[in-house]
**Q** 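First the structure, then my questions, so here it is.
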Amino acid sequence: MSQKTYAVAVDGPSGAGKSSLSKRAAAAFGFVYLDTGAIYRTVGLAAKRSGIDRKSDEALKNILPQVQLEICYDETGLQHMILNGEDVSETIRLPEISLCASDVSALPACRAFLLDMQREVAHKNNVIIDGRDIGTVVLPDADLKIYLTADSRERARRRLLELEAKGVETDFDTVLREIEERDWQDTHREIAPLRQAEDAVVVDTTELNLEQSFEAICMLMEEKLPVCRKS
Ligand code: DC
């Protein structure tokens, strides 16, 4: 019989801190971290490179047979995305890929293509998975569901700092507009829209710093799962 694995689903809007907090919590508990946004970003990049209409399900369906996606982890536990043999982990973080990802993520062909891939990682490992529909669609039986959120202006402020640190030139209003546009697209799409699962615990990080947010997540994991921190 296979051993019981535990899954923590972390959903919420862009820039709420899902990936940095989930990555850190996964390392602290010895869980695998799966950033599903990175997978959608990779499909968004593939769609952009092929020049298709990114809002057309039919067009995406036609290119998917040529899209080979692999998820691998380096020795530090960092997730890498490989698209047709090329490591695209950095390219998919460019701001212009964010909207491409949001566009393709609304298409049924894209979501169907990625569903099993995400479930497979969860069934084989103890995982923390972050995304938009993990607690509602991908893993409705997750052992712990967290809805991580923050006010949009605070999320824009944090995203701006991140982009500035990477040397990307932009400004607060542009980042806020992009965040609000993505929030709207992600919550209004027909399939698997971003919403809080009924049994999710809400963690609002607007007034919390990184350390306080991390503690909130670790405490929830310790409270709800039979696991303890390794570091
Ligand atoms: O988390 P992120 O910003 O890297 O995600 C990029 C886009 O992918 C986001 O706009 C919505 C989409 N996404 C999704 O629809 N479902 C997921 N599980 C993860 C991301």
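Only heavy atoms go into these numbers, but all of them, side chains included; no hydrogens, no water, no symmetry mates. Both counts, for ligands and for their atoms, begin at 1 and track the order of listing.
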**Q** When you compare the side chains of Arg195 and Tyr147, does any donor N or O come within less than 3.5 Å of an acceptor on the partner?
**A**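 There is no such pair (donor and acceptor under 3.5 Å, judged by atom type) between the side chains of Arg195 and Tyr147.
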
**Q** Does a salt bridge link Arg49 with Glu86, judged by any charged N lying under 4.0 Å from a carboxylate O?
**A**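 Between Glu86 and Arg49 there is a salt bridge, with a charged N closer than 4.0 Å to a carboxylate O.
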
**Q** Please could you name the atoms of ligand 1 that Ser102 approaches to less than 4.0 Å, counting only its heavy atoms?
**A**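 Result: 10 (O).
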
**Q** Looking only at protein heavy atoms, which one is nearest to atom 16 (N) of ligand 1, and what is the separation?
**A**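 The closest heavy atom on the protein side is Arg111 NH2, 3.0 Å.
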
**Q** Suppose we measure from atom 18 (N) of ligand 1 to each protein heavy atom; which comes out shortest, and what is that distance?
**A**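 Sorting protein heavy atoms by distance from atom 18 (N) of ligand 1 puts Thr36 OG1, 2.9 Å first.
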
**Q** Please tell me whether Glu180 and Ser152 have a donor and an acceptor in their side chains that are separated by less than 3.5 angstrom.
**A**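 Side chains of Glu180 and Ser152: pair found under 3.5 Å.
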
**Q** Under a 3.5 Å distance rule, please check whether Tyr33 uses its side chain to pair with a backbone N or O of Ser20 as donor and acceptor.
**A**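 A pair under 3.5 Å: no.
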
**Q** Would you list the pairs meeting side-chain hydrogen bond (donor to acceptor under 3.5 Å, both in side chains) in which at least one residue belongs to residues 134-143, sequence neighbours left out?
**A**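 side-chain hydrogen bond (donor to acceptor under 3.5 Å, both in side chains) check on residues 134-143 returns Lys4-Asp143.
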
**Q** Give the residue, atom name and distance (to 0.1 Å) of the protein heavy atom nearest atom 8 (O) of ligand 1.
**A**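 For atom 8 (O) of ligand 1, the nearest protein heavy atom comes out as Tyr40 CB, 3.5 Å.
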
**Q** Do the ring planes of Phe31 and Phe29 sit parallel (below 30°), tilted (30 to 60°) or perpendicular (above 60°)?
**A**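 If you compare the ring of Phe31 with that of Phe29, the planes turn out perpendicular.
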
**Q** Going by the atom numbers of ligand 1, which of them fall below 4.0 Å from some non-hydrogen atom of Gly131?
**A**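 This gives 17 (C), 18 (N), 19 (C) as the contact atoms.
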
**Q** Specify side chain, backbone, both or neither for Arg159, according to which of its non-hydrogen atoms lie closer than 4.0 Å to ligand 1.
**A**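 Answer for Arg159: neither.
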
**Q** Looking only at protein heavy atoms, which one is nearest to atom 2 (P) of ligand 1, and what is the separation?
**A**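 Closest protein heavy atom to atom 2 (P) of ligand 1: Arg132 NH2, 3.6 Å.
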
**Q** Between the side chains of Arg158 and Thr205, is a donor N or O closer than 3.5 angstrom to an acceptor N or O?
**A**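 Judged by distance alone, the side chains do pair up.
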
**Q** Suppose we measure from atom 6 (C) of ligand 1 to each protein heavy atom; which comes out shortest, and what is that distance?
**A**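 Result for atom 6 (C) of ligand 1: Arg182 NH1, 3.5 Å.
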
**Q** With backbone taken as N, CA, C and O and side chain as the heavy atoms from C-beta onward, which portion of Arg41 lies under 4.0 Å from ligand 1: side chain, backbone, both, or neither?
**A**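 The answer is the side chain of Arg41.
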
**Q** Note the single closest protein heavy atom to atom 15 (O) of ligand 1, along with its residue, its atom name and the distance in Å.
**A**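 Of the protein heavy atoms, Arg189 NH1, 2.7 Å lies nearest.
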
**Q** Just distances here: any N/O of Gln118 and N/O of ligand 1 closer than 3.5 Å?
**A**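 Looking only at distances, the answer is no, because the N/O contact criterion of under 3.5 Å is not met.
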
**Q** Could you work out, with side-chain contact (heavy atoms from CB on, under 4.5 Å) as the rule, every residue matching Glu211, not counting sequence neighbours?
**A**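 Partners of Glu211 by the side-chain contact (heavy atoms from CB on, under 4.5 Å) criterion, ordered by chain and then number, come out as Arg24, Asn209, Phe214.
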
